Every structure is written in structure tokens, then in C-alpha cells.
2 protein chains.
Amino acid sequence: MSQPKYRQIASELRGQIVSGALREGDRLPTEPQLQERYGVSRNTVRDATALLVHEGLVQRVPGRAGGMIVRKTASLTFHAHRAEMPAQPMAETDAWRSEVEAQGYEASQDFFLMIQSLSPDLAERLHVEPDSDAVLRRCVRYVNGQASSLQDTYYPMDLAEMVRELLSSKDVPQGTTRLLAERGYEQTAYYDEYVSRMPTPEEANLLGLQPGTPILLHIRTGYTEQRPVRVSFNVFAGDRNQIVATHGDVRIIARFRPEEAAR
Amino acid sequence: MSQPKYRQIASELRGQIVSGALREGDRLPTEPQLQERYGVSRNTVRDATALLVHEGLVQRVPGRAGGMIVRKTASLTFHAHRAEMPAQPMAETDAWRSEVEAQGYEASQDFFLMIQSLSPDLAERLHVEPDSDAVLRRCVRYVNGQASSLQDTYYPMDLAEMVRELLSSKDVPQGTTRLLAERGYEQTAYYDEYVSRMPTPEEANLLGLQPGTPILLHIRTGYTEQRPVRVSFNVFAGDRNQIVATHGDVRIIARFRPEEAAR
DNA sequence: CAGTGGTCTAGACCACGCG
DNA sequence: GCGTGGTCTAGACCACTGG
């Protein structure tokens with residue numbers, strides 16, 4: 001029945017956060033203050049606050065003016081469909097940019113192009129031979145100068161040879177989905193997977209993730225009538241993003257969620 | 001540049017895991033062995049392994065025959081659409097059950113019914129007054145006897161009074177979506193949100209989550225032509241579930257993913 | 001019983017960054 | 001300078017559980 005001390009301390013602090021006694025951005029008591037208040041050693045205090053850190057509730061900030069502060073949960077909404085439908089007049093990247101800006105933030109992105117040998121898993125998704133080559137187009141997306149998500153899209157090499165723009169390290173002005181459609185590779189079916197997991201150290205580094213921040217992974221495989229033509233891995237910082245998808249008559253939803261009417 | 005000791009140790013162990021030198025279910029060296037090997041104190045060893053635990057890679061098991069073992073990443077696939085489309089002959093719960101069983105697991109569930117006053121957030125989603133009552137139907141779903149996900153669905157009270165079966169603490173045989181459709185409340189639009197976050201202690205307890213396990217949250221608001229009629233919160237243990245949604249012509253996808261043909 | 005991890009103490013020195 | 005958190009040590013006792 002009796003909880004260990006560090007859990008009791010964590011519970012009490014957590015209660016103050018979820019009840020609103022401590023608000024976003026507020027500072028928790030310092031470690032010496034918590035030692036004093038609960039009559040425990042510093043390590044016990046740290047065990048307690050480590051729990052809160054790994055729950056994503058609290059962030060530790062070193063330095064004289066630092067401390068432990070209650071994290072913010074600002075969330076950017078990403079629409080899984082807006083950027084994708086061939087009928088759309090807008091390129092993917094522009095769709096993402098306009099979405100971010102419509103939500104009042106500043107958007108920018110970095111682009112990379114690589115040629116990679118396909119892992120068995122990826123080869124199966126693209127229905128090509130393992131170890132065959134693919135074009136990897138990576139896009140790191142920044143919101144207010146802070147890395148927020150990244151997108152890795154793989155195209156089979158034989159397709160890239162038919163649509164040479166995919167091999168250019170420049171942005172495709174009209175968006176790759178439209179480009180492919182113009183060349184006769186219109187994607188008419190999507191297979192979407194959603195996964196939640198902890199980041200690899202590399203992802204945590206790329207996205208500047210605090211401890212206790214999971215990632216939201218959206219994997220989209222796009223099919224023409226004939227074959228899969230690409231697979232995209234969208235890696236979102238879980239504390240700063242959510243994904244929205246709609247089905248059926250969007251006009252009904254727009255009546256109750258005006259922000260959805262935006263197109 | 002120099003990494004702290006505990007990170008170096010964690011990196012080395014992580015490398016053995018991701019490279020496959022240590023496989024799922026394998027035991028890591030014990031804490032005394034790691035102290036010896038790296039010449040550090042026990043706390044430093046624990047700091048190192050705590051990192052791996054919170055990355056979801058490793059699970060600690062107390063007891064004589066315990067140790068630290070590499071976690072499994074078995075993943076159940078949940079189709080966001082199968083259970084929902086009014087054309088489906090199958091009830092929601094049965095759809096879930098058959099999906100689990102088709103993947104070779106054993107399925108069971110517990111059901112609860114509660115009446116709750118709506119928070120402002122929920123009231124807005126359902127487009128009713130804050131503090132008005134709603135029916136909450138909770139379903140805890142078990143796979144192989146282990147809690148795997150839970151679903152909380154809220155219906156506005158005025159709707160439940162028109163469709164009294166919603167107030168019964170028994171399962172609705174044909175599924176609530178079909179029931180509502182039969183009574184003239186056919187859902188023709190969905191608003192789906194996907195979120196990744198760390199669990200609350202309550203969720204961790206309900207789902208038996210190990211430290212370092214995030215949850216995948218799927219929020220679905222269902223609309224008839226007239227209004228929102230329900231909002232469902234699907235809480236999935238991130239280490240054991242993924243969600244799949246398809247768009248467009250499913251037959252194309254089925255050609256390359258035979259398991260999708262199962263409907 | 002013996003060996004695993006779980007909790008806790010009382011110290012120490014360091015890196016950082018505002019005043 | 002000096003107070004914050006970051007890292008690390010060397011101990012201690014406990015709870016659990018298979019042999």
C-alpha cells in the first residue's frame with residue numbers, strides 16, 4: 001500500500017500541475033527546497049522530479065536563472081489530407097507552410113536528397129527487391145525556428161528514372177504528388193499507419209526533443225492503379241503536433257469546426 | 001564533446017540492441033556486472049539503464065530470476081475504419097474481436113457505463129452546453145489477457161434519451177454505430193485526431209504500461225447530417241498497437257497487402 | 001537462501017549562465 | 001560570484017522470487 005517517498009512527492013507535485021495550482025511556465029520549488037520540505041536526500045528529490053520529466057509534465061533548465069518549469073503543450077494541427085489530394089491546386093510543402101502560418105507561426109524547412117539501398121521492410125512496402133536503390137527525399141520542418149517534424153519519402157529508383165525531377169536536390173515547385181500525377185502516376189489509394197513510440201537519440205537530436213517526449217509517426221504508402229510509388233515517414237514531435245484526418249462530408253464538420261472550412 | 005559516463009554506457013548497450021547482438025527477450029548484464037565492466041558505481045549503471053528503459057528498449061524485472069531484458073515490439077494492427085462504416089454488417093466490438101483473433105491473439109473486454117458532466121472541451125466537440133450531462137461508455141480491451149487499449153465514447157444526454165439502449169450497461173448487439181443509424185442518426189462524417197503523448201499514471205495503471213511506453217490517442221468525432229452525435233477517445237498502449245486507415249480504392253492496396261483483403 | 005532490481009542516504013565536484 | 005541543475009561515488013537496507 002505504502003508508496004515510496006519519491007512517488008508520493010511526485011504525486012503531490014503532479015496534483016499541483018494538473019489541478020492548475022502550477023501553470024504552464026511556472027517554476028517548481030528548487031531541489032534544495034524540496035529536500036527541506038519533505039526531509040529527504042537530494043537523490044530522492046531527483047527521482048521524484050525525474051518521474052515528472054518522463055511524463056512530459058516538467059522540463060529542467062540548468063543555470064543560475066534555471067529551475068524546473070511546467071511544460072507548455074502548444075499543439076500544431078497537421079491535416080493528413082490537405083497536402084495530398086491530386087485535385088489540390090497546392091504543393092505539399094506550400095500546403096504545410098500555409099497551414100503553419102494560418103495557425104500563427106513562422107514556417108521554414110530544410111531539404112536533403114539521398115540515394116539509399118532499401119531495407120527488407122521498405123522494399124516490401126514498395127514491392128521491389130530488397131537492397132535495390134531508392135531515392136530518399138528528406139524534409140526537416142521548422143516552426144518558429146524550432147524543428148517540429150521531419151518527412152522522409154522513398155521513391156523506387158526505376159520510377160525516379162522516369163520522373164527525373166525526383167533526382168534533383170531542389171524543391172519540386174508543384175509538389176511531388178502533383179508532379180507524379182502529371183507524368184501519369186496519379187496516386188489513387190493511400191495506406192496510412194499511425195504509431196506512437198519513443199524517439200531514437202538521433203530523432204531526439206534532430207527535433208530537439210526534451211526527455212519524456214514521444215513521437216507520432218505517420219507512415220503513408222501511396223499507390224497508383226498499378227503499384228506502390230512512394231512511402232513517406234512523417235516524424236512529429238509529440239509535444240508540438242497532432243494529425244487530423246476527415247472522412248465523409250467535410251461541409252458538415254465545417255459547420256461545427258469553422259477552422260476546417262479554410263479550404 | 002565528452003559524453004558523461006552513463007550516456008556512453010547506454011550508447012554501447014543500445015548499439016548491441018539495435019544491431020541485433022542482443023535480441024528481443026535477451027537479458028542484459030546484471031547491474032554488478034556492468035559496474036565491474038565499466039568501473040563505475042551502481043547509481044551510474046542505473047542512470048545508464050534508466051535511459052534505455054525510458055526509450056522503451058529495455059524492461060527491468062525484479063526477483064531472483066529477473067534482470068533487464070530487451071523488450072518485444074509485437075504490434076497489433078487496428079483498422080480505424082472497419083468497425084465504423086454503416087454499410088458494415090459487423091458490430092464494433094465484434095469487428096475488434098475478429099481483428100485481434102485474425103492476428104492470432106485472444107480477445108476479451110470489460111464494459112462500463114457512466115453518466116458524466118461534460119468538460120468545456122468535450123462540450124465544444126459535441127456542440128452542447130458545458131456542464132450538461134453525457135453518457136460515457138467505456139470499453140477496456142484485453143489481448144491475451146493483457147489490457148491493450150481502452151475506448152471512452154461520450155453521447156449527449158438528449159440523444160441517449162431518444163436512443164435508450166445507450167443507457168443500458170449491456171453491450172449493444174449490433175454495435176452502437178449501427179444502432180444509431182437504425183434510429184435515424186447515421187454518421188456521415190468523421191473528424192479524426194491522432195496524438196502521441198506519455199500516459200497519465202491512471203492510464204499507465206489501467207493498461208499495465210511499462211515506463212518508457214507512450215500512448216497513441218485516436219479521437220473520433222462522429223457527425224450526422226445535422227450534428228455531432230458522439231466523440232470517442234481510443235487510448236492505445238503504444239508498444240502494442242498501431243492504427244491503420246486506408247483511403248481510395250482498397251482493392252489496389254489489397255493486391256500488395258494481402259492481409260488487407262480480409263474484408 | 002541467494003541474487004536480482006528498488007529505494008534511499010550523504011556526501012562530492014562540475015557546467016552553466018544571470019547579476 | 002553563486003545558485004541552479006548535471007553527474008558521480010560508496011555505501012545501506014528492502015522486496016521479490018526461483019532453487
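In this text, all values refer to a predicted model and were calculated from it rather than measured experimentally. In what follows, chains are A, B, ... by sequence order, proteins preceding strands, each numbered from 1.
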Over how many whole Å does the gap from [X] atom [atom1] to [N] atom [atom2] extend?
| X | N | atom1 | atom2 | value |
| --- | --- | --- | --- | --- |
| A:Leu28 | D:dG3 | CG | P | 20 Å |
| A:Lys5 | D:dA15 | NZ | C1' | 17 Å |
| A:Gln8 | C:dG6 | CD | C1' | 15 Å |
| A:Gln3 | C:dC8 | CD | P | 10 Å |
| B:Leu34 | D:dC8 | CG | C1' | 16 Å |
| A:Gln210 | D:dG5 | CD | P | 14 Å |
| B:Tyr38 | D:dT9 | OH | C1' | 19 Å |
| A:Glu31 | C:dA12 | CD | P | 17 Å |

From [options], pick the nucleotide closest to the side chain of [X]?
| X | options | value |
| --- | --- | --- |
| A:Arg64 | C:dG17, C:dT4, D:dA10 | C:dG17 |
| A:Pro4 | D:dC8, C:dT7, C:dT9 | C:dT7 |
| B:Pro62 | D:dG5, C:dC18, C:dG5 | C:dG5 |
| B:Tyr6 | D:dT9, D:dT7, C:dC18 | D:dT7 |
| A:Asn43 | C:dG5, C:dA10, C:dC18 | C:dA10 |

What closest approach, in Å, do A:Ile215 and A:Pro199 show between heavy atoms, and which atom pair accounts for it?
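Looking at all heavy atoms of both residues, the shortest contact is CG2-CB, 3.8 Å.
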Testing the basics here: between B:Leu150 and B:Leu207, what is the closest heavy-atom pair and its distance to 0.1 Å?
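What the structure gives for the nearest pair is N-CD2, 4.3 Å.
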Could you say whether B:Thr30 or A:Val40 is positioned toward the 5' end of DNA chain C, judged by the nucleotide with the nearest heavy atom to each?
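Going by which nucleotide is closer to the 5' end, it is B:Thr30.
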Residue whose closest nucleotide on DNA chain C lies nearer the 5' end, A:Thr44 versus B:Pro29:
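The residue whose closest nucleotide sits nearer the 5' end is B:Pro29.
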Using a cut-off of less than 4.0 Å, is there contact between a side-chain N or O of [X] and OP1 or OP2 of [N]?
| X | N | answer |
| --- | --- | --- |
| A:Arg46 | D:dG6 | yes |
| A:Arg42 | C:dG11 | no |
| A:Arg60 | D:dT4 | no |

Does anything in residues 4-16 of chain B form a side chain to side chain donor-acceptor pair (under 3.5 Å)? List the pairs, not counting sequence neighbours.
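For residues 4-16 of chain B: B:Glu12-B:Tyr38, B:Arg14-B:Glu55.
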By salt bridge (charged side-chain N to carboxylate O under 4.0 Å, His left out), which residues pair with B:Arg125, not counting sequence neighbours?
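B:Arg125 satisfies salt bridge (charged side-chain N to carboxylate O under 4.0 Å, His left out) with B:Asp121, B:Glu193 only.
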With distance as the sole criterion, do the side chain of B:Arg7 and the base of D:dG6 form a donor-acceptor contact below 3.5 Å?
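It does not, because no donor-acceptor pair links the side chain of B:Arg7 to the base of D:dG6 below 3.5 Å.
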SB check B:Glu124 A:Arg257 (cutoff 4.0 Å)
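So B:Glu124 does not pair with A:Arg257 through a salt bridge.
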